[in-house]
Amino acid sequence: MLPVRSYAPLAPLGRRRRLPDLLCSENGSNQHHSTARLLPRSTVYALRLRGSRRRGQSRKTPAGEIVSLIASLGVETVPLYRYKIVPPSGFGEFALDVCCAESKVGRLFGRTANLFESAIVRLSKDGCFREALESFQYMKSLRIKPTKFMLCSILNSCSKAPDIFLGLQIHAHIVQSGYAENVFIGAQLLDLYSKSGAMEDARKVFDCMGEHDHVSWTSIMSGFSQNGCGAEAVLSFRKMLNTDIRPNCHTFATIISACKWLEAASQVGPSLHALVIKFGFKPNSFVISSLIDFYSKHGEIDQALELFENSFEKDVILYNSIMSGYSQNMLGEEALKLFLEMQEKDVVPTVFTLATLLNCCGSLALLQLGKQMHSLIVKFGWERNVAVGGSLIDMYSKCASIDDACRSFDFASERNNIMWTSMITGYAQNGRGLESLKLFNKFLEEGGKPDNVCFTTVLTACNHAGLLDKANCYFKLMTGKYGLVPELDQYACMIDLYGRTGHLREAKEAMENMPFEPNAVLWSSFLGSCKTYCETKFGREAAMKLFKIEPNSAAPYITLANTLAEVGMWNEVAEVRRMMKSKGVRKGTSWSWIEVDNMIHVFCASDKSHPKSPEIYEELDKVNVRVREGS
DNA sequence: CTAGGGTTAG
């Protein structure tokens, strides 16, 4: 069975160039037209074959059509005579057809493999990974031995399709045919394993490679980075610096983006930035963009902006990263302004641009603008893209337009983890906890593999609906069947839920037994639950922790005082008040307002530059005016 | 005689 049945539309063939005699010079006698000699006889034969069987009525080989076809292939067909056709983009299927035709004629020489190679390389370069893999399988069924270039390209398709099983088979084949030490193939294998999360195997491949070049170093670092192993990535980078191999732009882009996983990121990032400058090469937009990304993730949006402003050529990658930086730092409006600037400067947006903009629309709850972006996406023909689909769902559910989110979800032809998670989150955020859980179960039924973020959402949904038993089940499912290591977020969710449902002892135990140090948010939520259930003993402990973690916050004092007041322990309440006063903790660290003589005075207590705030405090102490927490 | 790695969404 031929893997490709129908032709991609072969038009436009452009203006038909008349080259009739080219095809006739099979003996190579026509010296005037060099192209003619470059066409292999078998290929011409294949083309003829193709022409003749195309339509029943036109038996007489539409030579003109074939000629224009060849002509439309352009200059790149020149090396055809060496069987080195890398046809122009979009001609993968056509090239494959030539191969199939040739193999049908019975010319199963070694060079047929070369023809297949070019077809497969083209298909994989054009992003037709599945087609490339099918062609490879077909070629194998003809018992044609793959070339090493083809293996390289097919491994690339394996990691992008993705088809890990075929990848494993090919790896076996590679070991058999002794290509295992080839650096190109090694880099692809590394990529395959690290993209499928098998870092141990990737590491083995790396260790087994005969020699390493800068690409294999970069690949292993990128693998570590993609799998969240920032420390290993940095370690590899240091090892690399000890060799003769010098890092280049790719290396820096990778290692800078690996920084986000590190505890000590805020120190490593700037020193890598310094190293980029020290190495003295002109950083390209990928390097700058990963730096922008780094700085904006650490809240240093000014640094990021400076990098952006100082860049000579602002391409779409730089725009994307600074816009995403703005969006992460709650500066959505700035991002939207930049989009206008982009359009003025004729910078063509990509799917990432639109995904980022949708994110801004979502966090600013700008439904109308979001819808405009949606129409733009339709116009560009990107509505089926998974990244855009995920952002659409997110935008609509943040704008409380859950039906639209649903529509986007249903419309998607392919759904990845993020789309499912977005939709599940969407339901949960819009108060539809049960539907959220229903969808999650459907996700599991369809064989989805939820990750930590997904489970956090599910547990949050359980939390809002007060479903402790369900949450327990899901938590077990997460650690058991799906083998995930719970993060602080998931523990926090469970502990919060235990607290809310009055299981304070379990909450306390969970906090003590989890492998993380409970943070202020966790203690505050626990303290809140203690207040609800009038649990003074635990409440006091929680408050004591909070006094240490957040010495300037008045909230724990007040909650503790309220808890004690609830059960009538007035002496203890007074003690808390005294403690608060002696430590100089003041109520209202955020915006507050007071009423004096029917006038409302608004001030920010923590804002020392505000001239009025100390005076207002003095005033407050004198007249004992009621203070209300502002927002 | 060709080939490989880098920015992004929950």
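In what follows, every chain begins at residue 1, and chains take the letters A, B, ... in the order their sequences are listed. Please read these numbers as outputs of a predicted model, since none were measured by experiment.
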**Message:** Check the orientation of A:F443 and A:F440. Use parallel for under 30°, tilted for 30 to 60°, and perpendicular for over 60°.
**Reply:** tilted

**Request:** Please identify each residue that fulfils side chain to side chain donor-acceptor pair (under 3.5 Å) with A:T425, with sequence neighbours left out.
**Result:** A:T457

**Prompt:** Looking at residues at least two apart in the chain, or sitting in another chain, which of them share a side-chain contact (heavy atoms from CB on, under 4.5 Å) with A:N463?
**Reply:** A:C493, A:D496, A:L497, A:R500

**Prompt:** Got a second to check how far A:F206's CZ is from A:S216's OG, nearest 0.5 Å?
**Reply:** 5.5 Å

**Request:** Assign A:N156 to base, sugar-phosphate, or nothing according to its heavy-atom contacts below 4.0 angstrom with the strands shown.
**Result:** sugar-phosphate

For DNA chain B, determine which residues of [range] have any heavy atom closer than 4.0 angstrom to one of its atoms, and list them numerically.
| range | answer |
| --- | --- |
| residues 268-278 of chain A | none |
| residues 443-456 of chain A | A:D451, A:V453, A:C454 |
| residues 420-436 of chain A | A:T421, A:S422 |

**Request:** Enumerate the residue pairs fulfilling salt bridge (Lys or Arg N to Asp or Glu O under 4.0 Å) with a member in residues 413-439 of chain A, sequence neighbours excluded, ordered by first and then second residue.
**Result:** A:R432-A:E435

Any side-chain N or O of [X] less than 4.0 Å from the OP1 or OP2 oxygen of [N]?
| X | N | result |
| --- | --- | --- |
| A:N320 | B:dA9 | no |
| A:Q226 | B:dG5 | no |
| A:K195 | B:dG4 | no |

